[in-house]
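Everything on this sheet refers to the single structure shown next.
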There are 2 protein chains.
Amino acid sequence: MGSKTIAKAVNDPDETGSDDGALGDGVRQSSGQKVYTLLREQILSLELAPNTELDEVQFSRELGFSRTPIREALIRLASDSLVVLAPNRGARVAPLDLDQVPQVLEALELYERATTRWAALRRQPVHLALLEQRNREFAVACETEDPRVIVEANWAFHDAINQACGNKYLAADCSKMLRGVMRLSLLAFRQSDAQLSSYDVIEQHREMIEAIRSGNADLAEELVYQHSDEFRDRMKTFVAGTSTADFSLVGRRG
Amino acid sequence: MGSKTIAKAVNDPDETGSDDGALGDGVRQSSGQKVYTLLREQILSLELAPNTELDEVQFSRELGFSRTPIREALIRLASDSLVVLAPNRGARVAPLDLDQVPQVLEALELYERATTRWAALRRQPVHLALLEQRNREFAVACETEDPRVIVEANWAFHDAINQACGNKYLAADCSKMLRGVMRLSLLAFRQSDAQLSSYDVIEQHREMIEAIRSGNADLAEELVYQHSDEFRDRMKTFVAGTSTADFSLVGRRG
DNA sequence: AAAATACAATGTGTATACAGATTTTTGAGT
DNA sequence: ACTCAAAAATCTGTATACACATTGTATTTT
């Protein structure tokens, strides 16, 4: 890379919406960035329940910032589809529509099969190392038995596959999709505490890593398909068994 | 859809970043929305060249709005990866990095094959009608011989496939990717006026529509692959033949 | 008593003022 | 003449004030 670099991106997925944002080197974070990070955490962890109204003035009092950086954060969160803005009528946490879960899972399947396949085709030592580290961290996270921690660690593992796929555009889209699904996953975890065997998951992750390491793209794709298919089944069961009343009780602040 | 609708989205691609934005019914558009739409138009049409510095105060004078709605627009554009924000050092139009074109095209190929395949599997009369209309509009656009118009119409056709795929998450991602590529396409169109035969393109579009209509997913996928492969070849030729000096001359305002 | 309308309260949208950061200019020292 | 430093200018980041839209309420009218 770099010889013919005239400029930078067609659709650069970094820089803006990806992760903690422009932390850069040290500590100096703008207020807007802080608010954005904070709210995003709370939304993804369901501390802020879907559909919760987000009042600008209330936040400005609670958080000690003026409305300006809060509006800024809300706009960015809306671009991430984590918040819905209604013109002149405020913002609310993006609702979870169980009707659309099938579409979400369908797209996610496509993305994950592709990232895993490409990761196997391009296997880089750095990425393999990261995958193993993330799987170890996942194992540790499972010990805690805290859904929040487990789901986050699982996301981190799957995101490592994205990074390994060698295409940052697909990686960014897949990563975003996964984040959205994690919110659902966390919800399912809480509702039905259908304890899935974490040993199985860790082992499946391990197999995927090996398939990627050996460059066996077909196998890697098949494994991630099976792996996430189990997840899809759990999600479908969850959706089928969830009523409106049940759902509205979930995710209250406390 | 609709029976179990508790809420709305995991990662709803509408609402926020998609198109003209919340126009809703009538005319009332917020200033921020106007600025966003305007700047996006100018960036996508290369009126605002890649890497152009975007000064908030300058825009506020030129456009007659205060800095607030302009900042709002810039933040949204940054989330769309059309603008790059440097903390405390302003905004600029997202650069085009020719080094990353291969990655962009790779992701786009995946997305378009999937959308076309799924469109063929789900063929709805409404969507087929839209496809034909868009291809007719594309034919009309070709008459104008204005690259801007042709490229836009071509985008609209391919976006109709996205809408027909029945998965709004994939559709949104593919649509976004296509938009980014159109900027490249327009650039290539200007540089090397390698006039591709518009009749061929229209005919290829027609074949794709028929494959979708007949529900032949494999054929549809193959056709869109070939179709966009020609495009990829043109892009690669363009990238190979473009030097920094050439590029920096392109897209100046005037 | 019900419906409609005017009014008050609340909250978003925008403008402006101020504070902090960055870059440029200017001036002293070598 | 060149270098470095200090100050000014410029621009971003944030706070605040005001204008407008929406919503709920109370009063009036039928």
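Chain A is the first sequence line, chain B the second, and so forth, proteins listed ahead of strands; every chain is numbered from 1.
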Rounded to the nearest angstrom, tell me the gap between atom CZ in B:R67 and atom P in D:dG13. 8 Å
Which nucleotide in the list C:dA15, C:dT12, D:dA15 gets nearest to the side chain of A:R71? C:dT12
Any donor-acceptor pair, under 3.5 Å, between the side chain of A:R89 and the base of C:dG13, if you only look at N and O atoms? no
Identify whether any heavy atom of A:S31 sits under 4.0 Å from a base atom; if not, whether one sits that close to sugar-phosphate; answer base, sugar-phosphate or nothing. sugar-phosphate
Closest approach of B:P50 and B:L96, non-hydrogen atoms and distance? CG-CD1, 3.8 Å
Atom-pair distance (CD on A:Q33; P on D:dT12), nearest Å: 18 Å
Separation of C:dT14 C1' from A:E72 CD (nearest whole Å): 16 Å
From the candidates C:dG11, D:dT14, D:dC11, the one with an atom nearest any side-chain atom of B:V57 is D:dC11
Closest to the B:S30 side chain: D:dT14, C:dT14, D:dT12? C:dT14
Exercise: do A:H127 and A:Q163 side chains pair donor with acceptor under 3.5 Å: no
For a quick test of reading the model, state the closest non-hydrogen atom pair linking B:L170 to B:A114 and the distance between them. CD2-CB, 3.8 Å
Closest to the 5' end of DNA chain D, once B:D55 and A:P69 are matched to their nearest nucleotides, is B:D55
Among C:dT14, D:dT12, C:dT12, which is the nearest nucleotide to the side chain of A:E56? C:dT12
From CG of A:L54 across to P of C:dG11 the rounded distance in Å is 13 Å
Nearest-Å distance for atom pair CG/P, residues B:L63 and C:dT14: 13 Å
Nearest-angstrom distance from the residue atom CZ of B:R61 to P of C:dA15: 15 Å
Give a yes or no on whether the ring-centroid distance for B:F231 and B:F238 is below 6.0 angstrom. no
Choosing from D:dA21, C:dA15, D:dC18, which nucleotide comes nearest the side chain of A:N88? D:dA21
May I ask you to establish whether B:R134 and B:F157 are in a cation-pi arrangement, using a distance under 6.0 Å from NZ or CZ to the six-membered ring centre and at most 45° from the ring axis? no
Whole angstrom is fine here: how far is it from CD in B:Q58 over to C1' in D:dT10? 13 Å
Value in whole Å for how far the P atom of D:dG13 lies from CD of A:Q29: 14 Å
Under 4.0 Å between a side-chain N/O of A:S66 and OP1 or OP2 of D:dA15, yes or no? yes
